[in-house]
Undergrad: 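One structure, pasted below without further comment.
The structure displayed is predicted, hence computed values, not measured ones. If you read the sequence from its start, that first residue is 1, and numbering goes on from there.
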Amino acid sequence: TLNEEAMKSITVLKLGKLQKRVLNNNKMSLTYDDKVVEQIVSRCTEVQSGARNIEHIINTKVLPTLSKEILSTIGDDKMPDKAHISVDSDDNFTISFENIV
């Protein structure tokens, strides 16, 4: 099994891939709080799934939230330069935008 530091490293790598994807597809930089990494790792409670669960959480929790927020922002005919992922008080992933033009 992977220890917590290894899980954090893998999470950072996976989020890095998401950052590249968002930049390539949307011309938008993506940043995130340290708490996002901690939240993803804390949700990986099943020992057997380990790092596979990281990708599952990003694909089923982070990405849909990000996509929905980007689409609702584009709907206002404005495209932000930057998106930031954080975690709210209920441990949900949230997205905020900067430099909306």
Undergrad: Would you say that Arg43 contacts Lys61 through its side chain, given a criterion of any heavy-atom pair below 4.5 Å between the two side chains?
TA: yes

Undergrad: Taking all heavy atoms of Cys44 and all of Ile54, pick out the closest pair and write down the distance.
TA: SG-CG1, 3.6 Å

Undergrad: Which residues pass the side chain to side chain donor-acceptor pair (under 3.5 Å) test with Asp91, not counting sequence neighbours?
TA: Gln39

Undergrad: First locate atom CE of Met7, then atom CD of Glu4, and finally report the distance between them rounded to the nearest 0.5 Å.
TA: 9.0 Å

Undergrad: Once salt bridge (charged side-chain N to carboxylate O under 4.0 Å, His left out) is applied, what residue pairs with a partner in residues 62-71 remain, sequence neighbours excluded?
TA: none

Undergrad: Please determine, by modelled atom types, if Thr31 and His84 share a side-chain donor-acceptor pair under 3.5 angstrom.
TA: yes

Undergrad: Show the nearest heavy-atom pair for residues Ile58 and Pro64, with the distance to one decimal.
TA: O-CD, 4.2 Å

Undergrad: Taking the side chain as C-beta and beyond, is there a heavy-atom pair between His56 and Asn53 under 4.5 Å?
TA: yes

Undergrad: Given 3.5 Å as the limit, does a donor-acceptor pair link the side chain of Asp88 with the main chain of Asp90, or not?
TA: yes

Undergrad: If the condition is salt bridge (charged side-chain N to carboxylate O under 4.0 Å, His left out), which residues does Glu55 pass it with, not counting sequence neighbours?
TA: Lys14

Undergrad: My understanding is that only residues two or more places apart in sequence, or in another chain, count here; which of them pass side chain to side chain donor-acceptor pair (under 3.5 Å) with Ser29?
TA: none

Undergrad: Would you mind listing every salt bridge (charged side-chain N to carboxylate O under 4.0 Å, His left out) that reaches into residues 15-27, with sequence neighbours excluded?
TA: none

Undergrad: Kindly indicate whether the side chain of Asp81, heavy atoms from C-beta on, has any atom under 4.5 Å from the side chain of Met28.
TA: no

Undergrad: So, using side chain to side chain donor-acceptor pair (under 3.5 Å) as the criterion, who are the partners of Asn92 when residues are at least two apart?
TA: none

Undergrad: Could you tell me the separation between the CG atom of Leu66 and the CG atom of Leu71, rounded to the nearest 0.5 Å?
TA: 9.5 Å

Undergrad: If we only count heavy atoms from C-beta on, is the Thr65 to Ile85 side-chain gap below 4.5 Å?
TA: no

Undergrad: Taking the side chain as C-beta and beyond, is there a heavy-atom pair between Val87 and Thr94 under 4.5 Å?
TA: no

Undergrad: Between Ile40 and Phe93, what is the shortest heavy-atom contact and its length?
TA: CG1-CZ, 3.7 Å

Undergrad: Between CD1 of Ile57 and OG of Ser42, what distance do you get to the nearest 0.5 Å?
TA: 7.5 Å

Undergrad: Nearest 0.5 Å please: distance from the CG atom of Leu18 over to the CG atom of Asn25.
TA: 10.0 Å

Undergrad: Is the shortest heavy-atom distance from the side chain of Val36 to the side chain of Leu15 under 4.5 Å?
TA: yes

Undergrad: First locate atom CG of Asp34, then atom OG of Ser86, and finally report the distance between them rounded to the nearest 0.5 Å.
TA: 12.0 Å

